[in-house]
Amino acid sequence: QVQLVESGGGLVQAGGSLRLSCAASGSTFSSYAMGWFRQAPGKEREFVAAISRSGRRLYYTESVKGRFTISGGNAKNTVYLQMNSLKPEDTAVYYCAASQTDTDYNRDYPYAYWGQGTQVTVSS
């Protein structure tokens, strides 16, 4: 069993930065691939970034490549999402999630454990 708690969200102006953290308890991260997803008002939840169980492979959705960086996992009990050059369209509730497989890292169904989410609001 894994418990995930996100933090680090907030209000920031366009072009600013935030770092989200996802603290895990109940298991070691080395057993899990970790992902970040987001859900904007009126939209479906979407994949943002993921780190493989080994920590050696990183994945990003196209719209955040070059701006966001995922780190941690791989037996460290915290995963981070560094978000730079934020845009108003990045506004959403951000969720971290844990999966026991690297397969389909960009789909939500492999992720058995989810945090409660943290709000990120980017003003123009």
Side-chain angles (χ1 to χ4, degrees):
Q1 190 77 10
V2 175
Q3 294 80 43
L4 303 173
V5 178
E6 304 96 335
S7 62
L11 173 63
V12 65
Q13 288 188 330
S17 298
L18 285 173
R19 188 175 80 156
L20 305 183
S21 300
C22 174
S25 60
S27 185
T28 59
F29 261 177
S30 61
S31 301
Y32 297 91
M34 299 300 298
W36 285 97
F37 290 75
R38 67 187 179 187
Q39 187 167 21
K43 295 188 177 181
E44 292 188 354
R45 186 166 57 193
E46 65 171 354
F47 168 76
V48 177
I51 185 166
S52 66
R53 289 179 297 169
S54 68
R56 290 194 292 267
R57 287 174 289 177
L58 309 179
Y59 308 98
Y60 300 95
T61 193
E62 194 63 36
S63 63
V64 308
K65 284 181 181 177
R67 300 189 299 122
F68 290 12
T69 303
I70 188 171
S71 62
N74 191 25
K76 302 180 181 68
N77 281 353
T78 305
V79 174
Y80 302 97
L81 185 67
Q82 177 67 43
M83 306 186 296
N84 298 329
S85 302
L86 282 161
K87 304 176 181 180
E89 51 263 44
D90 295 318
T91 295
V93 177
Y94 283 70
Y95 299 90
C96 72
S99 169
Q100 290 182 286
T101 176
D102 290 337
T103 304
D104 289 342
Y105 59 85
N106 61 340
R107 306 285 298 278
D108 56 8
Y109 74 85
Y111 294 87
Y113 305 103
W114 293 81
Q116 292 300 305
T118 185
Q119 176 70 47
V120 172
T121 303
V122 184
S123 64
S124 58

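Contact of the Arg38 side chain with the Val120 side chain is not registered, since no non-hydrogen atoms from C-beta on lie closer than 4.5 Å.
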Residues 79-89, side-chain donor-acceptor partners within the protein, below 3.5 Å, at least two apart:
| unit_1 | atom_1 | unit_2 | atom_2 | d |
| --- | --- | --- | --- | --- |
| Gln82 | NE2 | Asn84 | OD1 | 2.9 |
| Asn84 | OD1 | Ser17 | OG | 2.9 |

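The CG atom of Asp90 sits 11.0 Å away from atom OG1 of Thr121, with the distance rounded to the nearest 0.5 Å. Here Cys96 contributes atom SG and Ile51 contributes atom CD1; the two are 12.5 Å apart, rounded to the nearest 0.5 Å. Distance check, rounded to the nearest 0.5 Å: CG of Asp108 to OG of Ser99 gives 11.0 Å.
Of the possible polar contacts, one joining the Thr91 side chain to the Val122 backbone as a donor-acceptor pair under 3.5 Å is found. At least one donor-acceptor pair under 3.5 Å links the side chain of Asp102 to the backbone N or O of Arg53. A donor-acceptor contact shorter than 3.5 Å is absent between the side chain of Glu6 and the backbone of Thr118. Checking side-chain atoms of Arg67 against main-chain N and O of Ser63 turns up a donor-acceptor pair under 3.5 Å.
The nearest pair of heavy atoms linking Tyr60 to Thr69 is OH-CA, 3.4 Å. Listed here is the closest heavy atom pair of Pro110 and Thr101: CB-CG2, 3.9 Å.
Within the hydrophobic cluster formed by Ile, Leu, Val, Met, Phe, Trp and Tyr side chains joined at under 4.5 Å, directly or through other members, Tyr95 is accompanied by Phe37, Phe47, Tyr59, Val93, Tyr105, Tyr111, Trp114.
At a threshold of 4.5 Å between side-chain heavy atoms, the hydrophobic network of Ile, Leu, Val, Met, Phe, Trp and Tyr places Phe68 and Leu11 in two separate groups. Under the 4.5 Å side-chain heavy-atom criterion for grouping Ile, Leu, Val, Met, Phe, Trp and Tyr, Val5 is not connected to Val2 through any hydrophobic cluster.
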Next item on the list: Report the C-alpha distance between Ser52 and Ser54 in whole Å, list the side-chain angles of each, state the deciding distance to 0.1 Å, and finish with yes or no for side-chain hydrogen bond (donor to acceptor under 3.5 Å, both in side chains).
Entry: CA-CA 5 Å; Ser52 66; Ser54 68; 3.1 Å; yes
